[in-house]
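Sequence lines set the chain letters: A, B, ... in the order given, protein chains first and strands last, and positions in each chain run from 1. None of these values were measured; they are calculated from a predicted model.
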Number of protein chains: 2
Amino acid sequence: METPGSGTQAMRALIALRERILAGTIGPGTRLLEVPLSEALEISRTPLREAMARLVEEGLLERVRAGGFVVRSFGFQDVIDAIELRGVLEGTAARLAAERGVGEEALTELGEVVSALDLCFGAAPGEVEFERYSELNAGFHERLSGLAGSSVIKRELDRVTRLPFASPSAFLPDKADIVAFRRSLNVAQDQHRAMVAAIAGREGARAEALAREHARLARQNLEYVMEEDRSLLSRVPGMALMVG
Amino acid sequence: METPGSGTQAMRALIALRERILAGTIGPGTRLLEVPLSEALEISRTPLREAMARLVEEGLLERVRAGGFVVRSFGFQDVIDAIELRGVLEGTAARLAAERGVGEEALTELGEVVSALDLCFGAAPGEVEFERYSELNAGFHERLSGLAGSSVIKRELDRVTRLPFASPSAFLPDKADIVAFRRSLNVAQDQHRAMVAAIAGREGARAEALAREHARLARQNLEYVMEEDRSLLSRVPGMALMVG
DNA sequence: CCTTCCCAAAATGTATACATTGTCGAGACT
DNA sequence: AGTCTCGACAATGTATACATTTTGGGAAGG
């Protein structure tokens, strides 16, 4: 049995719309008109509205006062704030995990992810298996978000992370050619290891500070892209949502 | 002109459903069946689904995998975590406001709210104008959430605050008869004043710590209610959502 | 020339009939 | 007795016709 609803019209509309918004085909601020859209997607208005309602939950659309939806738009500062917010929430997850304590197995598991991440680094300074690193990194952050055992925290963290540019993986893939990015991976991995140690040692404040600083790497990378090489912007996921 | 959509069937359904959920008429975990509900509310299924989609955004409902909606349910720990989360987010708003600086007017305005809160305290120790205090307190937190000038932060803070038991006013109204609650108001007001001072003085860490500790008052009050006098539970907004 | 009112068009809101899908139980076969 | 399957029911999913509201422009009046 597949995921129920995966073959529904609403799901098709959801996927198609999400893709177009993230690709920038439908730019930020654009109002989504039901009739033309339903014709373009060859889907009737009812499931289309269902899809749009879900995209509001994802944070990609906004409801407009008089009815209808527009593509949400983010300024540079909004992107910075979303990254900061992720840091704050991951920090909270890490702190609570440290303060409340976590089960042996969960901690071991997280440690194994960190060990696996170590194996992505080769002998030479800049030699890194990016694809594998990216996957494992996503796994690390996923586990971290649930480590405190709080569904409320996990839920909000997942929510913020759903904004592509605020995701922990936003500045990872196929950035192999940028020296500054490669070096940031070593720092990031140090922080991963330190976070696990802090949580294991019940050092809540340290775990929180580390998670916040960890998110700052994403901010650094974003600022590098904006100031040094804007041609890389198109490779950052969700950047089509940014204006200015 | 009134709020657009305020007279729509979807809005009626939204209000009716929200009321029933918060009152506990429709208990946590209950699945909302479209046909019976639409008959009960005398509203067709289409606007009903619209209303349910909005209640998902509000955090009162959850979508269920196979389709449909259920009333979200919170354990005691979830309520604690939601309050903690509010503290973390208000702390972030306060810290960013301090670090980035806020305009003269906004800061003055916040200070005036604090001064007005002062006037709610009479000469005798426990003499407080609760209604006025409650209103002004809501205003203080509302302004605080926007003080950093970050729409991303404000949005998520508003979102968490929409859970009634996590709202800054959750443990305020008509609690005049509880000595412990009355005393907490004095502490709270001290924290209000200190937060403004910290923000004005660009003391980010202090502002953040104060906001977090401020939210802990709500937690204290919740724990008091749970341990000392559960008969008060029914007076706490949103407690119908709590199970266990 | 600006303002205001009003109408028409276009948008969202609503109802409802119908389609599809998932669920649960009864029956038969093993 | 257990289990597998099939079918009926009940739920959500979809399409579409119709209602209502909003909006923009143009004409009339100040």
What's the CZ-P distance between A:Arg63 and C:dT12, to the nearest Å?
-> 13 Å
Interatomic spacing from CG in A:Leu32 to CD1 in A:Ile21 - rounded to 0.5 Å = 6.0 Å
Considering non-hydrogen atoms only, spot the tightest contact between A:Leu17 and A:Met52 and give its length.
-> CD1-CG, 3.9 Å
If you measure from the Lys or Arg side-chain nitrogens to the Asp or Glu carboxylate oxygens, is any gap between B:Arg216 and B:Glu84 under 4.0 Å?
-> yes
With a 4.0 Å heavy-atom cut-off, tell me which residues in residues 31-48 of chain A come close to DNA chain C, sorted by residue number.
-> A:Arg31, A:Leu32, A:Leu33, A:Glu34, A:Val35, A:Arg45
Between D:dT12 (P) and B:Phe69 (CZ): distance, integer Å = 9 Å
Charged N-O contact under 4.0 Å between B:Glu208 and A:Arg212 | yes
Pairwise side-chain contact, A:Met242 with A:Phe165, heavy-atom cut-off 4.5 Å (strictly under) | no
State, with a plain yes or no, whether a side-chain heavy atom of A:His192 is found less than 4.5 Å away from one of A:His214.
-> yes
Is a salt bridge present between B:Arg162 and B:Glu57, judged by a nitrogen-to-oxygen distance below 4.0 Å?
-> no
Where the side chain of A:Arg49 is defined as all heavy atoms beyond and including C-beta, which of C:dT14, D:dG13, D:dT22 is the nearest nucleotide?
-> C:dT14
Inspect the contact between B:Glu50 and B:Arg54 and indicate whether a charged nitrogen and a carboxylate oxygen are less than 4.0 angstrom apart.
-> yes
For the helix from C:dC1-D:dG30 to C:dT30-D:dA1, figure out the bend between the end axes, five pairs an end, and round to 10 degrees.
-> 20°
